[in-house]
Amino acid sequence: MKATEYPGSGGRAAYQRRMLEVRGAFEAGGASGAATIAARAAALDELVRDLWAQAIERDSRLGNGISLVAVGGYGRKELFPYSDVDLLFLLDGRLAERDVKDGIRRVNQEMWDCGIRVSPATRKLAECERFDAENAEFALSLMDHRWVTGDALLYDKLAEQSVPKLLQREHKTITVRLLELTRARHAKYGDTLFHLEPNIKDCPGGLRDVHVCGWMAKLRAAGALAQKKGGNESDRGPAADGNEFRKAVDFLWLVRCFLHYRHERDDNTLDWQAQDAAAETAVGMTGRKPKKADAAYWMRLYFRHARSVERRVTQMLDEMPVASASRLPGLKRERKVEVVQHGFRLERGRVVLETSTEFGHDPAGDPDVVLQVFAAMARTGVTLGGDAEERLSQGLPLLSAHLEEGPALWHHLQGILKGAYAGDALRSMHAMGVLELLIPEFHGIDALVIRDAYHRYTVDEHTFVLIDTLHGLESAQSGGMAEWAMRLGGVLRELPHPELLYLAALLHDTGKGRSTGDHTRESARMAESVLERLELDTYESGLVVNLIANHLEMSAALRRDIFDEETVQAFAGKMQTPEALRMLTLFTYADINAVHPDALTPWKAENLWQLFIATANYLDRSVDEERLGAQEESELVHRVVALLPGQKAAVLEYLEGFPERYVLTRTPAQVRTHFKMATGFAGDPVQLDFRYVPAVSELTLVTKDRPQLFATMAGVLAAWGMNIVTADAFSNRQGVVVDTFRFTDSFRTLEMNASEHEAFVKSVHDVMTGAVSVEKLLSGRRRGRRKAPLVVVETRVEFDDEASSHSTLLEVVAQDTTGLLRALSLMLAAQGCNIEVALVDTEGETAIDVFYLTRSEAKLDKEEEKVLREALLRAIEENAR
């Protein structure tokens, strides 16, 4: 087609040249985000005017009664490189849409041909005064309007009459709808800004929240005008929100431009690779830049800015009239009202400071008042009013000058830490800089990112979530974790000094702010300094420091055989007292939960509880350390025999040779089931017992021992996409094997399809009997393309000869890949090793597999360990290909 057939080709070419210039200026580092988005909006204005002028030349009816209006982001002159364009074709009442649709369609087509994703709307002026709840987005976009070309008088009517009428008449309805949309959007992202790969437009703290702040200000001004109270939207708009908020918006504009150019589309996901690139090119960094900024460092910038935006939008939502808020259950917490305190009062869920006249001097600079404010927030869940927040921020220097340490400060801090809403109060203190004023050691973990696929939160937010979890144990909960929360809530109530647990929680990760390698040791050292300033006594300080220094010990013990008495004995030796054990158990429960929303499973909670009970019993010296073996007539054996009357001799023969752990970790009813399965070999040599549970299912195999049995089972489960969380293997003197695998259903195959349960069991049976090859099952999964890992995990193969008196402990840490457990167990079998117990865990991209091994019924010697390590490293490498 010839160029002359495109009347607008000259304008399009000019627009595209301009876009190349804008991109070039941005990528050369000379243009800010604000300049870039404004430049695109200006270039688009020129293009639209050019196209519309040509349209009028073709059809003179377009010359009057129609106006082209930029709305939404285009209306704000905030057009990001690949954002779509909201363009309103505004008609007066005399012009029929059918008479102008060809001209409008041609303009839109020209823009599409230019690569512009235009979202056109055609409305008559009268239609712009109506609010449609099903299309609230149009009313919201109309709040940001700007004339581009066409009938200027018609646009004036929109700007001066129609839109003001709409907002003044419908401001309450639009406000409620806006809050509903905001709440739904925040809920979609888990109500947190802390995401590993955040969407910088829609996540809490993103650019959409900036827009919400602007819209709320306009609606509030419209409401004031409607009530004839006057009003000025500009006094609450982004420009008036302070330097911190302004910088945050500038940063987000810059990053979104960077993402659009990088992805070459309207993709606002700050993925891992983009984070690396942003850090490498120092996007948004000002002042003195580090020689080499890594992505974790750069993400601190992002989270700090996003936190500023989130703080602003939360404050605006909190300031919403109660009548509107009450229609949105869950958006605001129920709060008590009208409570008068020393220097402040609580009104309608917010803190209101007294004036200097009322109080005698400014309460914002009085440490006693300020700390009581935060204690009240922690106790009741109220938030700071806008005026109180501003005055407290301005009063920080005065507060710093008059702040006392010692018992007085510890008294106030206890009041905050023990409040049911302590996490929220601490977040507010942290955001304002008050927390760092009390505990400067906390500054090092401000917005600090732990960059792996398992940690959801920054280190400071992880600390607050941990404290939230502990306080959550004080009230009844629902859901899958309710039972464990209830049990641990009872443990919490037994603590004589719960405030020490909360203090340890607050300080436990401060060492991560320093590059010393062992953060537990560094955190404990830094805590000693804090405790000295607070003047805690020796006993209290010892509890806090020891808890911080040992806060990973219980998680480490959970990766051992917790039913092995030696594991319990070693762990108890580190706890020493029941109180320390209770504190660490509660801490570990909350610490796991604060890593990731899905990290704490009922299975982990059960193991945590089992280890707590076993260790508590050990510390109480109530455990029977001389448990009898299966061949001896212990109480446990008698209980099994009692379930199988008349078969005592057969039961004793069956039990003979099993390790004690077998009868200690199984109920008599389970042993009876296994015994009956073993007596059925004549009919079927492969006996399977499958128990489906949505959280963790269990499959037990009872059969005659043979090589690679464990590896084959691991292969079948991997072929079905099951994620093995733990497994153990026992065999008796007659060579009967009882292997139990507990696993989660990664793809919800069994949960979504009940009919698949039978097919799953049959598939396992067919493989174990040799009817189907496990390699054939696995081949289907291996055809899938491996995804590049988000985080590269360094492989470690370590042996421990001291952890058990009867086995060598092998721990393998590696990248979690499909078929890894099978590859490991195949190699163990090839090396002649017998797996006594296998404990399998996954944290994000990291697989942590622990095996208790014997070879010829003895521990491995050093030479055997050396050979096995090399063989396992080869197996891991080959499986990863």
Side-chain angles (χ1 to χ4, degrees), residues 235-236 240-248 304 307-308 311-312 314-315 318-319 339-347 349-380 382-419 421-447 460 464 503 506-507 510 526 529-535:
D235 63 354
R236 300 299 298 169
D241 280 311
N243 195 38
E244 184 183 349
F245 182 81
R246 187 72 262 167
K247 286 181 178 177
R304 284 171 175 169
R307 189 169 58 195
S308 174
R311 182 180 165 198
R312 180 71 192 123
T314 301
Q315 187 183 64
D318 281 347
E319 291 173 356
V339 178
V340 178
Q341 301 277 356
H342 177 59
F344 66 97
R345 60 186 181 274
L346 310 182
E347 287 184 2
R350 287 192 280 273
V351 172
V352 178
L353 288 179
E354 291 184 353
T355 64
S356 298
T357 304
E358 291 171 327
F359 189 65
H361 61 275
D362 188 1
D366 186 322
D368 190 53
V369 174
V370 173
L371 293 175
Q372 285 192 44
V373 164
F374 289 111
M377 292 170 65
R379 189 173 61 254
T380 65
V382 300
T383 58
L384 290 174
D387 176 70
E389 184 170 337
E390 186 175 342
R391 288 175 60 192
L392 288 175
S393 295
Q394 292 175 351
L396 279 180
L398 203 58
L399 181 68
S400 175
H402 295 126
L403 189 64
E404 293 183 14
E405 298 183 335
L409 179 57
W410 175 224
H411 173 74
H412 284 300
L413 201 52
Q414 284 185 69
I416 296 168
L417 292 171
K418 291 168 69 175
Y421 305 105
D424 288 340
L426 290 166
R427 286 183 181 90
S428 183
M429 293 171 69
H430 182 39
M432 297 179 61
V434 176
L435 184 58
E436 286 80 348
L437 198 60
L438 306 183
I439 305 174
E441 290 82 353
F442 205 81
H443 179 72
I445 58 172
D446 175 30
D460 49 355
F464 301 141
L503 181 60
L506 183 65
L507 302 175
T510 51
M526 295 169 74
S529 174
V530 177
L531 299 171
E532 187 176 342
R533 297 201 301 272
L534 296 176
E535 298 182 21

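FYI, the numbering just counts along the sequence from 1. Treat the numbers as computed from the prediction; the structure is a model and nothing was measured.
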Salt-bridge contact [X]-[Y] (side-chain N to carboxylate O under 4.0 Å):
X: D460; Y: R307; result: yes
X: R312; Y: E244; result: no
X: E441; Y: R533; result: yes

Do [X] and [Y] make a side-chain contact, defined as non-hydrogen atoms from C-beta onward lying under 4.5 Å apart?
X: D362; Y: T355; answer: no
X: E405; Y: L438; answer: no
X: L506; Y: F442; answer: yes
X: L426; Y: L417; answer: yes

Practice problem: Mind checking side-chain contact (heavy atoms from CB on, under 4.5 Å) for L396 and listing every partner two or more places apart, or none if nothing turns up? | Solution: L399, V434, L437
Exercise. Show the numbers, then the answer: is there a ring pair (Phe, Tyr, Trp, His ring centres under 6.0 Å) between F344 and F374?
Key: CA-CA 11 Å; F344 66 97; F374 289 111; 9.7 Å; no
Quiz item: How about E404: does its CD atom have over 12 heavy atoms from other parts shown lying under 6.0 Å from it?
Solution: no
Quiz item: Taking D366 as the fixed residue, which of Q372, H342, H402, H361 is the one that meets the side-chain hydrogen bond (donor to acceptor under 3.5 Å, both in side chains) rule?
Solution: H361
Exercise. Answer with yes or no whether the side chains of S308 and R304 bring together a donor and an acceptor at under 3.5 Å.
Key: no
Exercise. Compute whether any side-chain donor of one residue and acceptor of the other, for Q394 and R391, lie under 3.5 angstrom apart.
Key: no
